Engineer: 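If you scroll down you'll find the structure; I have some questions about it.
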Amino acid sequence: MRYIQEYCIAALIGTIVLAAMYFLKRNYATRNNRLFFAMILINLATSALNIVSIHTISYPERFSPFVRLSVNLVYLWLYNLLAAVFLLYVDSLTRIPRFKKPVRIYAYFVTALIAVLVLLSPMTHLIAWFDEALVYRRGVLHPLLYVTAYAAIFGALALFIASRKKFSRYQLLSVCSFILGNVVTQIFQLLYPRYVINNFICTLCLFFLFTAFENQAYYLYHTTMCYNSLAFVSTIRRDGRRKMPYRLTILQLGHLRDSAVMTSRSSASQFSTLLAGRLYKAFPGRVYALDDSTFAILEESRSRQWNPRIPARANACFQEPFTIVIRRHEESLLLSPQMLVMTVTEHFPTGYELLDFVRQPDSFSIPEIPDEAIDQTLEPLRRERKMLQLIDRALQERSFQVYYQPIMNLEAGRFRSAEALLCLNDPQEGFINPEELIRVAESYGRIEAIGLYVFEEVCRMIRDRKLLDQGIDYIEINLSPRQVRQPDLGDRLVSVMKRYGVSPSAINLEITETAEIMGGEKAQLIRFMNRMREEGVEFSLDDFGSGYATMNSLLQFPVSLVKYDKQILWRSMKDPSSMTIMQASMQGVRAVGKKVLVEGVETEEMEKRLREIGCDYLQGYLYSRPVPEEEFMRLIAQ
Ligand code: C2E
Ligand code: CA
Ligand code: CA
């Protein structure tokens with residue numbers, strides 16, 4: 001019978017080698033690895049017990065029935081335990097949040113139950129016992145051992161199949177072979193009980209798992225579940241071989257260093273870990289942490305078109321605050337990165353060039369900020385969070401108000417239009433600055449809802465107040481470029497106008513050119529504008545002369561009115577050459593058939609000068625501040 005034991009001895013030696021290899025690899029104490037080590041230990045114990053058990057069977061006279069029974073029962077229990085730990089191991093590899101609890105309950109509960117049943121078996125005879133003639137007998141619940149072990153093993157298989165996309169083919173193969181190996185040897189064992197090979201096969205499978213998953217550590221970024229730059233480079237290489245174009249969205253957190261978010265290395269790494277978790281959820285298996293401050297979302301795609309869904313989904317990861325412990329205090333902060341989207345169709349030969357290209361040259365070194373400065377640095381972030389709370393509440397309770405600022409038509413000598421401006425008067429915080437409000441709303445994806453709210457409010461007001469009969473031709477509504485990212489914005493606006501029976505000519509939309517509108521977005525904005533103009537809605541170019549809104553925008557966007565920024569007027573009042581330039585530019589704008597409006601008219605003197613140089617409309621505190629609906633109606637009735 002000796003050759004039977006040899007498989008067990010080989011298994012024992014193999015497992016010892018495996019354990020040694022495990023220990024030779026350092027820094028290696030993740031949950032996966034601890035569970036894997038538990039499997040090694042269990043396999044070690046079962047191999048040893050198997051040898052003893054074969055011995056007891058071969059020489060029954062040397063062992064008491066009690067020892068023989070115990071060896072057998074413990075062996076059975078360990079086999080069950082191995083299945084349960086394997087289930088936990090696969091759960092820990094796959095990390096599907098939904099399954100975490102049921103898996104643990106099952107594994108712990110079943111192992112405990114089997115342990116109790118096995119322990120009581122000599123009394124209860126439920127699992128196995130020796131009868132009076134000292135014959136080994138199986139109890140009624142004996143099959144339960146197999147049922148539970150296989151339930152765990154196949155449960156693990158199901159978990160793995162559910163998240164197969166996260167793993168390489170080799171890894172898939174290693175897990176499947178573990179499962180298959182165990183099933184096949186069980187069957188083999190039933191057919192040929194003389195060949196005790198199950199521990200041996202199990203050891204081989206563990207080796208396989210070890211090589212498949214131990215390496216995974218090399219491909220994972222140390223603080224996150226994301227792949228690292230090594231994985232990134234190898235994916236790029238694979239895509240290059242397959243001639244697969246890909247699209248990259250890069251999130252750069254480097255600038256947060258200056259914006260006072262990262263008060264310490266620890267808060268920075270907490271943030272990047274939290275962020276990685278969110279990104280991973282949004283883009284399973286496609287997020288790469290290139291370094292502490294750079295994440296890449298890689299998307300293989302045959303289409304060369306710019307796809308707004310990816311940055312939008314990435315953006316959505318920043319819409320809830322991040323709770324970070326800073327010097328023992330929990331702070332929940334709103335943070336957002338710089339985002340760069342690029343479609344890469346040219347292949348970078350090795351991927352390393354691409355990596356150099358997307359990484360910022362300066363690494364993410366964070367200065368430690370002294371305690372007393374922390375409050376100061378966190379203040380703007382707390383304020384942003386507060387602002388977002390106010391916005392969300394106002395949206396929920398529909399407590400935003402729309403104020404109207406009348407616009408003087410110089411030719412008619414009276415108000416014939418007005419600008420709708422958002423206003424929020426919070427019971428606790430008082431009057432909120434619209435500029436700040438809009439900025440926060442834009443950063444955290446609330447501007448779409450606010451924009452629609454204002455649009456609807458204005459339409460309701462035009463209908464309720466029969467505004468066109470009151471001598472007002474149209475209302476100007478501010479449109480944020482972000483709103484235009486919604487592909488169905490045009491349809492929505494048209495349907496609101498229809499619902500309120502408002503003529504499109506009673507609406508004028510104000511657009512501002514900002515740094516944000518680039519490439520694909522600009523084309524989208526122009527398409528939207530043309531579509532709305534076909535409906536009869538006109539456009540104005542807001543804040544002309546400030547920032548990005550310059551001659552260039554005037555040439556590109558089909559607007560009928562140009563609104564000069566108040567800063568231009570104010571500077572011109574002090575500086576004659578600015579006035580000359582403004583005048584000349586206005587003449588040019590009017591020569592191509594567009595109307596001209598100047599904002600920020602605060603004094604009679606300003607009005608006088610502007611009349612002289614020839615404007616169509618004036619807007620400013622001289623005539624009125626933005627006022628609530630009732631007051632506006634009183635104003636125009638005068
Ligand atoms: P804007 O579109 O340039 O709006 C004109 C701003 O100038 C208003 O500020 C208005 O109160 C102010 N203003 C008008 N005349 C004078 C004046 O004579 N002197 C001075 N000092 N200021 C004057 P407000 O209401 O604080 O709005 C600020 C910005 O917030 C707006 O600038 C606009 O960019 C944004 N905003 C306001 N409401 C909305 C909205 O419904 N949607 C969007 N997307 N943005 C809005
Ligand atoms: Ca405006
Ligand atoms: Ca403006």
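As the structure is a prediction and not an experimental result, all values here were calculated from the model. Throughout, numbering of the chain's residues begins at 1 and tracks the sequence. Order of listing sets the numbers, starting from 1, for every ligand and every atom in it.
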Engineer: Please check whether P626 reaches ligand 1 - meaning an N/O of the residue sits under 3.5 Å from an N/O of the ligand, judged on distance alone.
Structural biologist: no
Engineer: For a side chain to side chain contact (heavy atoms under 4.5 Å, CB included) with S540, tell me which candidate from N508, I477, L509 qualifies.
Structural biologist: N508
Engineer: Supply the atom-to-atom distance R609 CZ to M573 CE, rounded to the nearest 0.5 angstrom.
Structural biologist: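 If I round to the nearest 0.5 Å, the distance is 5.5 Å.
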Engineer: How about E604: does its CD atom have over 12 heavy atoms from other parts shown lying under 6.0 Å from it?
Structural biologist: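 No, the 6.0 Å shell around CD holds no more than 12 heavy atoms from other groups.
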Engineer: Please work out, at 4.0 Å between heavy atoms, whether the side chain, the backbone, both, or neither of D542 comes within that distance of ligand 1.
Structural biologist: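 Within the 4.0 Å criterion, D542 contacts ligand 1 through side-chain atoms alone.
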Engineer: With respect to E629, which candidate in M461, Q401, R634 satisfies the side chain to side chain contact (heavy atoms under 4.5 Å, CB included) definition?
Structural biologist: M461
Engineer: Starting at OG of S578, measure out to CD of Q583 and round the result to the nearest 0.5 Å.
Structural biologist: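 If we round to the nearest 0.5 Å, S578:OG and Q583:CD are 12.5 Å apart.
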Engineer: Based purely on interatomic distance, does Q405 place a nitrogen or oxygen under 3.5 Å from a nitrogen or oxygen of ligand 1?
Structural biologist: yes
Engineer: Which residue owns the protein heavy atom closest to atom 37 (C) of ligand 1, what's the atom, and how far is it?
Structural biologist: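 Nearest protein contact, heavy atoms only, for atom 37 (C) of ligand 1 is L421 CD2, 3.6 Å.
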Engineer: Mark yes or no for whether T294, through its side chain, and L290, through its backbone, hold a donor-acceptor pair below 3.5 Å.
Structural biologist: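 No, because the side chain of T294 does not come within donor-acceptor range (under 3.5 Å) of the backbone of L290.
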Engineer: Can you tell me if E599 has an N, O or S atom under 3.0 Å away from the Ca ion (ligand 2)?
Structural biologist: no
Engineer: Any atoms of ligand 1 less than 4.0 Å from a non-hydrogen atom of E419? List them with their elements.
Structural biologist: 2 (O), 4 (O)
Engineer: Please check atom 32 (O) of ligand 1 for a protein heavy-atom neighbour under 4.0 Å.
Structural biologist: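 No, there is none.
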Engineer: NZ of K566 to CG of D543: how many Å apart, nearest 0.5 Å?
Structural biologist: 6.5 Å
Engineer: Which N, O or S atom name in E419 marks its closest approach to the Ca ion (ligand 2)?
Structural biologist: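 For E419, the N/O/S atom sitting closest to the Ca ion (ligand 2) is OE2.
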Engineer: Please list the nearest protein heavy atom to atom 6 (C) of ligand 1 with its residue and the distance rounded to 0.1 Å.
Structural biologist: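 Protein heavy atom with the smallest distance to atom 6 (C) of ligand 1: K566 NZ, 3.5 Å.
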Engineer: Please find the N/O/S atom of D543 nearest to the Ca ion (ligand 3) and write down its name.
Structural biologist: OD1
Engineer: Below 3.0 Å, can you find an N, O or S atom of D542 next to the Ca ion (ligand 3)?
Structural biologist: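 Of the N, O and S atoms in D542, at least one lies under 3.0 Å from the Ca ion (ligand 3), which means yes.
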Engineer: Compute the shortest N/O to N/O distance between W570 and ligand 1 and return yes if it is under 3.5 Å, no if not.
Structural biologist: no
Engineer: Check each atom of ligand 1 against the heavy atoms of E599 and keep those under 4.0 Å away; list them by number with element.
Structural biologist: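 The list of qualifying atoms is 3 (O), 5 (C).
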Engineer: Write down the atom of A282, the atom of C317, and the distance for their closest heavy-atom approach.
Structural biologist: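 Where A282 meets C317 most closely, the heavy atoms are CB-SG, 3.9 Å.
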Engineer: Nearest non-hydrogen atom to atom 39 (C) of ligand 1 belongs to which of I447, I438, L437, I450?
Structural biologist: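 That would be I438.
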Engineer: At under 4.0 Å between heavy atoms, which part of N478 makes contact with ligand 1: side chain, backbone, both or neither?
Structural biologist: both
Engineer: Treating W570 as the side-chain partner and D565 as the backbone partner, does any N or O pair qualify as donor plus acceptor under 3.5 Å?
Structural biologist: no
Engineer: Is any N, O or S atom of E476 under 3.0 Å away from the Ca ion (ligand 2)?
Structural biologist: no
Engineer: Name the closest protein heavy atom to atom 13 (N) of ligand 1, giving the residue it belongs to and the distance to 0.1 Å.
Structural biologist: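 In this structure, atom 13 (N) of ligand 1 has Y621 CE2, 3.7 Å as its nearest protein heavy atom.
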Engineer: With atoms numbered from 1 as shown, which atoms in ligand 1 lie under 4.0 angstrom from a non-hydrogen atom of V454?
Structural biologist: 41 (O)
Engineer: Would Q619 count as a polar contact of ligand 1, with the cut-off being nitrogen or oxygen pairs under 3.5 Å?
Structural biologist: no
Engineer: Does a donor on one side chain sit under 3.5 Å from an acceptor on the other, for S480 and E442?
Structural biologist: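 Yes - a donor-acceptor pair under 3.5 Å links their side chains.
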Engineer: For the CZ atom of F415 and the CG atom of N409, what is their distance to the nearest 0.5 Å?
Structural biologist: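 The distance works out to 11.0 Å.
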Engineer: Step by step, would you call R460 with E457 a salt bridge (charged side-chain N to carboxylate O under 4.0 Å, His left out)?
Structural biologist: CA-CA 5 Å; R460 182 203 54 74; E457 246 317 274; 2.9 Å; yes
Engineer: Distance alone, cut at 3.5 Å: any donor-acceptor contact between the side chains of S546 and Y564?
Structural biologist: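 Side-chain D/A pair, S546 to Y564: absent.
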Engineer: Short list, please: which atoms of ligand 1 are under 4.0 Å from a heavy atom of S480?
Structural biologist: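 Listed by number with element, the hits are 44 (N).
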Engineer: Which label fits F271 and F318: parallel for a plane angle under 30°, tilted from 30 to 60°, or perpendicular past 60°?
Structural biologist: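 If you compare the ring of F271 with that of F318, the planes turn out tilted.
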Engineer: Can you tell me how far apart NZ (K498) and OG (S503) are? Round to the nearest 0.5 Å.
Structural biologist: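 Going from NZ on K498 over to OG on S503, the span is 12.0 Å.
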Engineer: Looking only at protein heavy atoms, identify the closest one to atom 28 (C) of ligand 1 and say how far it is in Å.
Structural biologist: E435 OE1, 3.6 Å
Engineer: Hey, does Q483 come in under 3.5 Å of ligand 1, counting only N/O atoms on both sides?
Structural biologist: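 Not met; the criterion fails.
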Engineer: Flag N478 as yes if one of its N/O/S atoms falls below 3.0 Å of the Ca ion (ligand 2), otherwise no.
Structural biologist: yes
Engineer: Around atom 38 (N) of ligand 1, find the nearest protein heavy atom and jot down its residue, atom name and distance.
Structural biologist: L422 N, 3.0 Å
Engineer: Can you list the ligand 1 atoms lying under 4.0 Å from a non-hydrogen atom of D543?
Structural biologist: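 The list of qualifying atoms is 3 (O).
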Engineer: Only one of R385, E320, E384 forms a side chain to side chain donor-acceptor pair (under 3.5 Å) with Y444, so which one is it?
Structural biologist: E384
Engineer: Which is the closest N/O/S atom of E510 when seen from the Ca ion (ligand 2)?
Structural biologist: OE1
Engineer: I need the nearest protein heavy-atom contact for atom 25 (O) of ligand 1: residue, atom name and distance, please.
Structural biologist: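 Looking only at protein heavy atoms, the one closest to atom 25 (O) of ligand 1 is P434 CG, 3.6 Å.
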Engineer: Could you find the nearest protein heavy atom to atom 19 (N) of ligand 1 and give me its residue, atom name and distance?
Structural biologist: E602 OE2, 2.5 Å
Engineer: For E456 and V496, indicate whether the former's side chain and the latter's backbone hold a donor-acceptor pair under 3.5 Å.
Structural biologist: no
Engineer: Using a strict cut-off of 4.0 Å, indicate which atoms of ligand 1 neighbour a heavy atom of G600.
Structural biologist: 16 (C), 17 (C), 18 (O)
